[in-house]
Protein chains: 2
Amino acid sequence: MATTAAPPTPAFSPLYQQIKALMLRELQAGVWRPGETIPSETELAGRFKVSQGTVRKAIDELAAENHLVRRQGKGTFVATHGEQQTQFRFLRLQPDDGVSEGTTRRFIDCRRLRAPADVARALGLRSGDAAIQIKRVLSLRDAPVVFDEIWLPAGPFKGLTAERLSDYRGPMYQLFESEFGVRMVRAEEKIRAVAAQGESAELLALPEGTPLLSVERLSLTYGDKPVELRRGLYHTATHHYRNELS
Amino acid sequence: MATTAAPPTPAFSPLYQQIKALMLRELQAGVWRPGETIPSETELAGRFKVSQGTVRKAIDELAAENHLVRRQGKGTFVATHGEQQTQFRFLRLQPDDGVSEGTTRRFIDCRRLRAPADVARALGLRSGDAAIQIKRVLSLRDAPVVFDEIWLPAGPFKGLTAERLSDYRGPMYQLFESEFGVRMVRAEEKIRAVAAQGESAELLALPEGTPLLSVERLSLTYGDKPVELRRGLYHTATHHYRNELS
DNA sequence: TAGTGGTCTAGACCACATC
DNA sequence: ATGTGGTCTAGACCACTAA
């Protein structure tokens, strides 16, 4: 029997999904900027020629994906990494007892380099393209706990210097948003246990061989485009990485 | 001015939240059992004397929280740990390359003991209450990769033996559902890096001092009641713990 | 063909924030 | 008082599944 391959489904797409895609374009294009409000539901309904309920469902999903934040009576806002709630949204390390206190950052290094092959692959660059490498140490109770090596594509982050990093008050991702228009939407982490050695042992003031948590984070912006590779080493004697499963 | 403390908000609760609470009760009471379908939206609407849309919103949230699974054209089902999709929903370890292959389990031990103080505290037992301790090793490519020590309250799991564990085909959490009526709804994990030693080094066939991922999982059932404390040690030379941030 | 969930609409009303 | 998001309803119609 000659069966012709059925077309891969004529792609039925609900109206609210189309609206959602249009709204994502506004976000990606920077028309709606982090922290600002977007037009009201009724206005969007008029603009897109659909009912308010349909706009509402689109916004519901965008809010569930952390793109937008609803605030009753005030409006719907573009999510940002600068808010209190989401201050360290991506940092899952926390002290074994109570809540974290004074976090201090110390930038060790910030230089422009050719991206090594593995970094280039992760960031979707061509091998040899320019990239920015940042090294820093986070201390959580006057004791160094995190050593991060951060790689960024040089293009979108042109002009990033050690000074701007250390001068900036607030989360690094907020600086990326406001100064470079790059918003981290989500991230994937690969976690391992490794032994401290060389630079990491020295900067965290630990004997070589101390077990450390290795956290490799790939951060993505709109359209799942990778824009940051972060290799963190966490000392977990008095802190732990917290995760929720559901 | 004598200001009397305002009552802490008279607890306004939307209708759909009340419906949701009622439905959660059915789930908790075991009236609706894992894998089965629940009544259709229209029937529930009639039963609760609300519109279908209101029932729908309640189900939406229960589905988002992994209590229910919708299947268009078929019905709405109580979520279970036995399905293909959610086979190892709570195991985040995966091989560095492709997808996992043959997973083999080996049960080392299963005994009834008095719960140590820390275990009792985590499980909400009184110190000295009976608990079941299980030890097992997971091998992922013929190589041992995970060593688990599992603690369960003896009450709900009365009659659990090493035989029933090794004889059962399928995920352990499915056995807990079908044989003991205990469904894990969500879990919290605390992750650290530690050094292999003694029993763990031996069972994972590693030299002492090898860095291992320590994953302490507290699993909760309905009403956030803790029902399992699991201490896992993962060898992460060829595997990693994967996490999504958003 | 009948039953289920999924989409879309239009309108009424409530809760919250601001002026 | 006004505008925003949040709830609730009733009804029409679509997409999927199974008998």
Side-chain angles (χ1 to χ4, degrees), chain A residues 6-23 26-27 32 35-80 83-85, chain B residues 6-23 26-27 32 35-80 83-85:
Chain A
T9 310
F12 162 76
S13 178
L15 240 191
Y16 76 89
Q17 288 286 3
Q18 303 174 34
I19 305 297
K20 183 183 167 191
L22 289 175
M23 295 178 68
E26 302 284 62
L27 290 168
W32 298 339
E36 296 178 355
T37 89
I38 69 170
S40 75
E41 296 181 353
T42 47
E43 184 187 333
L44 289 172
R47 187 186 298 186
F48 294 132
K49 302 281 182 57
V50 298
S51 80
Q52 191 202 352
T54 301
V55 169
R56 197 169 172 72
K57 182 139 187 181
I59 295 181
D60 277 346
E61 291 208 351
L62 290 170
E65 292 165 15
N66 292 117
H67 290 111
L68 300 176
V69 176
R70 294 170 167 291
R71 278 184 227 155
Q72 182 172 138
K74 298 170 80 170
T76 301
F77 299 75
V78 181
T80 166
E83 297 162 25
Q84 214 64 11
Q85 285 189 335
Chain B
T9 309
F12 162 76
S13 178
L15 239 191
Y16 76 90
Q17 289 285 4
Q18 303 175 34
I19 304 297
K20 183 183 166 190
L22 290 175
M23 295 179 68
E26 301 285 62
L27 291 168
W32 299 338
E36 296 178 355
T37 88
I38 69 171
S40 73
E41 296 181 352
T42 47
E43 185 188 332
L44 288 172
R47 186 186 298 186
F48 294 132
K49 302 283 182 56
V50 298
S51 80
Q52 190 202 351
T54 301
V55 169
R56 198 171 170 72
K57 181 139 189 181
I59 295 180
D60 277 346
E61 291 208 352
L62 290 171
E65 290 165 16
N66 292 117
H67 293 292
L68 300 176
V69 177
R70 293 170 168 290
R71 278 184 228 153
Q72 182 171 141
K74 297 170 79 169
T76 301
F77 299 74
V78 180
T80 167
E83 296 161 25
Q84 214 63 13
Q85 285 189 335

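The interatomic distance linking B/Arg56 (CZ) with C/dT7 (P) rounds to 7 Å, in whole Å. As a whole-Å value, the separation of A/Glu36 CD from D/dT4 P is 17 Å. As a whole-Å value, the separation of A/Ile59 CD1 from D/dT4 C1' is 11 Å. Rounded to whole Å, atom P of D/dT4 lies 15 Å from atom NZ of A/Lys74. With rounding to whole Å, A/Lys57 atom NZ is found 14 Å from C/dG5 atom P. Atom CZ in A/Phe48 sits roughly 18 Å away from atom C1' in C/dT9 (whole-Å rounding). A straight line from CD of B/Gln52 to C1' of D/dC14 spans 13 Å, rounded to a whole angstrom. Rounded to whole angstrom, the span from the CZ atom of B/Arg70 across to the P atom of D/dA15 amounts to 18 Å.
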Practice prompt. Apply side chain to side chain contact (heavy atoms under 4.5 Å, CB included) to the pair A/Val69 and A/Thr76, showing each step before the final yes or no.
Written response: CA-CA 6 Å; A/Val69 176; A/Thr76 301; over 6 Å; no
Worksheet entry | Trace of the side chain to side chain contact (heavy atoms under 4.5 Å, CB included) decision for A/Gln17 with A/Glu61 | CA-CA 9 Å; A/Gln17 288 286 3; A/Glu61 291 208 351; 3.7 Å; yes
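The side chain of B/Thr54 has D/dC8 as its nearest neighbour among C/dC8, D/dC8, C/dT4.
Of the residues near DNA chain C, B/Gly75 and A/Gln17, the one whose nearest nucleotide (by heavy atom distance) lies more toward the 5' end is B/Gly75. Heavy-atom nearest nucleotides on DNA chain C were determined for A/Gln72 and for A/Tyr16, and the one closer to the 5' end corresponds to A/Tyr16.
Taking NZ of A/Lys49 as the start and OG1 of A/Thr54 as the end, the distance is 14.5 Å to the nearest 0.5 Å. How far CD1 of A/Ile38 is from CG of A/Leu68: 5.0 Å, rounded to the nearest 0.5 Å.
In this structure, B/Ser51 does not reach the D/dA10 phosphate: none of its side-chain N or O atoms is under 4.0 Å from OP1 or OP2. Taking only side-chain nitrogens and oxygens, A/Ser40 never comes nearer than 4.0 Å to OP1 or OP2 of D/dG3.
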